[in-house]
Amino acid sequence: MIQTVRGVHDILPDAIPLWQFLEARALAIFGQYGFEEIRTPLFEKTELFARAVGATTDIVEKEMYTFSDRGGDSLSLRPEGTASVVRAFVQQSMHRQLPWKVWYRGPMFRYERPQKGRQRQFHQIGCELFGPEDPLADAELLAMVMRYLTDIGLQTSLVLEINSLGCPDCRPPYRDLLIAFLRQTASHLCDDCQNRMERNPLRVLDCKQERCRAAIATAPVMIDHLCPGCTHHFSRLKGHLEDLERPFRINPHMVRGLDYYNRTAFEVTSVGLGAQNAVAAGGRYDGLVAQMGGTPTPAIGFAMGMERLALLLDQGKNRPAPPDVYLAPLGEQAEQAGLKLAETLRAQGLAVTLNLGGGSLKSQMKRAGRSQARFALMIGEAELEKNVVILKEMALGQQQEIRHSEVPGFLVNTCRTISVGDGHR
RNA sequence: GCGAACGUAGCUCAGUCGGUAGAGCCCCGGAUUGUGAUUCCGGUUGUCGCGGGUUCAAGUCCCGUCGUUCGCCCCA
């Protein structure tokens, strides 16, 4: 038997209503804020990710699905969404129409060891906002994330953490300061952190090892060493959030895995997801557009992990929307008439399940019951001759003969409610 | 890439000291003619993940491998 590759899974019909719900709410809420959807390719030139995400990040160094096409180009399945959106922004010269607000949804690919809330093909919904440098934009974006997460039903158990990562002016001096500090305390750090110290010193601050946490308790933190511009930006953001009464926590030890971030970084975490507890994360990337060859344009964005949201919301199996009518024909002639009647009813907007695969009336009725249809419609030879059908209201167990020609009118009147496909709620 | 646990019917799982593979659910059929979801009766479910090894004998013990899960790493 051929099965899916490791860390890659089907999303079966049972789970689809929840996914559709998550996407529908994103469409609605991001739309309220003026965001439009964008769909970028699932694969791009490898160089795009190497340059945007950072050539020395784990994602680029060891987690990308990279291959050569027949022309010899090195391509990669996208490991995240921002790089492509920035490329599109630059390629389409969108700096002429600022602000540019887009959101995306779709699969991302990273070659990682699967565990709870982490797969090799996973799905993200993300937003990117190009143009404003003002912390007003940061605040509005954060409000939007929290509004979305609250809307879908996660208001409890969520924590919003923010930090400032500084900018090209203040981060290098701080970095030197931190390295100096770490060198002094190196003997107290775990092996990983001793390695990280030179390569990615900020990451040491985020280490979960108890010994490291103790050792870095007195380490200098970025927010104490921000330049005046970054200090002002950060304090205005905090002011806006307080004003909006959106609870948040400042986590001076939070860092971002991708190289392009500066200033505002944030993360929304949830208990109940085990080690992979971030449901949404993002930040500002003011330098990325210029770095990718575009007209310098500040920007901010975030991404949410759909599987993680789904894990938190999953309330068991989702029932499919039941049909209005289960149509049970007996015999070949009745089947022919049934097919036609089913089409007539569907043209009137009704949801109709036509019995397929024959079977006795008993077994057909069994299927009708299982389908949760409100009505069963039986057509046998006797009915064909009399030009009637037997209409049974399943919940009541009552049935009547109706003239064939009157069936559409009767059912349309009775089942006027229209299914909207919001099966989750 | 590192560490650990687990893989038995479509699903959830039992299977003792190594001795002829089980339950519930689901599904299918029947309970006098053409009527579901309740009841009763009957029935099908299997490469015990896969491949080696030990043994008279392996679902059970050993090795490998694939997969899943939980950590580490990393991240949404």
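Just so it is clear, the values below take in all heavy atoms, side chains as well, and ignore hydrogens, waters and symmetry mates. To find a chain, count down the sequence lines: A is the first, B the second, and so on, and within it residues start at 1.
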Nucleotides 69-74 of chain B: protein proximity per nucleotide (B base, S sugar-phosphate only, - neither; heavy atom, under 4.0 Å): -SBBBB
Annotated protein contacts, base or backbone, on nucleotides 27-38 of chain B with a non-hydrogen cut-off under 4.0 Å, one of B, S, - each: SSS----BBB--
For atom CG of A:L158 and atom C1' of B:A76, their distance in whole Å: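 So the two atoms are 14 Å apart, to the nearest Å.
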Closest-nucleotide 5' rank along RNA chain B - winner of A:Y261 and A:Y111: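 Its nucleotide being nearer the 5' end, the pick is A:Y111.
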A:T4 or A:G305, whichever maps to the more 5' nucleotide of RNA chain B: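 The 5'-side residue here is A:T4.
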Would you measure the distance from the [atom1] atom in [N] across to the matching atom in [M] and give it in whole Å?
N: B:C28; M: B:U44; atom1: C1'; result: 8 Å
N: B:A58; M: B:U16; atom1: P; result: 16 Å
N: B:G10; M: B:C6; atom1: P; result: 23 Å
N: B:U32; M: B:G22; atom1: C1'; result: 36 Å
N: B:A4; M: B:C62; atom1: P; result: 15 Å

May I ask you to decide whether [X] forms a salt bridge with [Y], counting only side-chain N to carboxylate O separations under 4.0 Å?
X: A:R346; Y: A:E343; result: yes
X: A:R25; Y: A:E23; result: no
X: A:E307; Y: A:R118; result: no

A:E44 and A:S76 side chains, donor-acceptor separation under 3.5 Å: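 Their side chains do not contain a donor-acceptor pair, so the 3.5 Å distance test is not met.
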Side-chain donor-acceptor contact under 3.5 Å, A:R374 with A:Y326: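 Note: A:R374 and A:Y326 side chains miss the donor-acceptor criterion.
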Verify the neighbour count for atom [atom1] of [X]: are there more than 12 heavy atoms of other residues, nucleotides or ligands below 6.0 Å?
X: A:Q91; atom1: CD; answer: yes
X: A:Q336; atom1: CD; answer: no
X: A:R246; atom1: CZ; answer: yes

Value rounded to 0.5 Å, distance of CG in A:L309 from CD1 in A:I152: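 It is 4.5 Å, given to the nearest 0.5 Å.
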Consecutive-pair stems (3 or more, Watson-Crick or G-U, under 3.5 Å) for RNA chain B: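 Only these stems qualify: B:1-7 with B:66-72, B:10-13 with B:22-25, B:27-31 with B:39-43, B:49-53 with B:61-65.
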A:R120 to A:Y111 six-membered ring, cation-pi geometry met (6.0 Å, 45°):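 Verdict for A:Y111: a cation-pi partner in A:R120.
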Test applied, side-chain hydrogen bond (donor to acceptor under 3.5 Å, both in side chains); reference residue, A:R284; option that passes from A:T264, A:N262, A:D138: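 Answer after filtering A:T264, A:N262, A:D138: A:D138.
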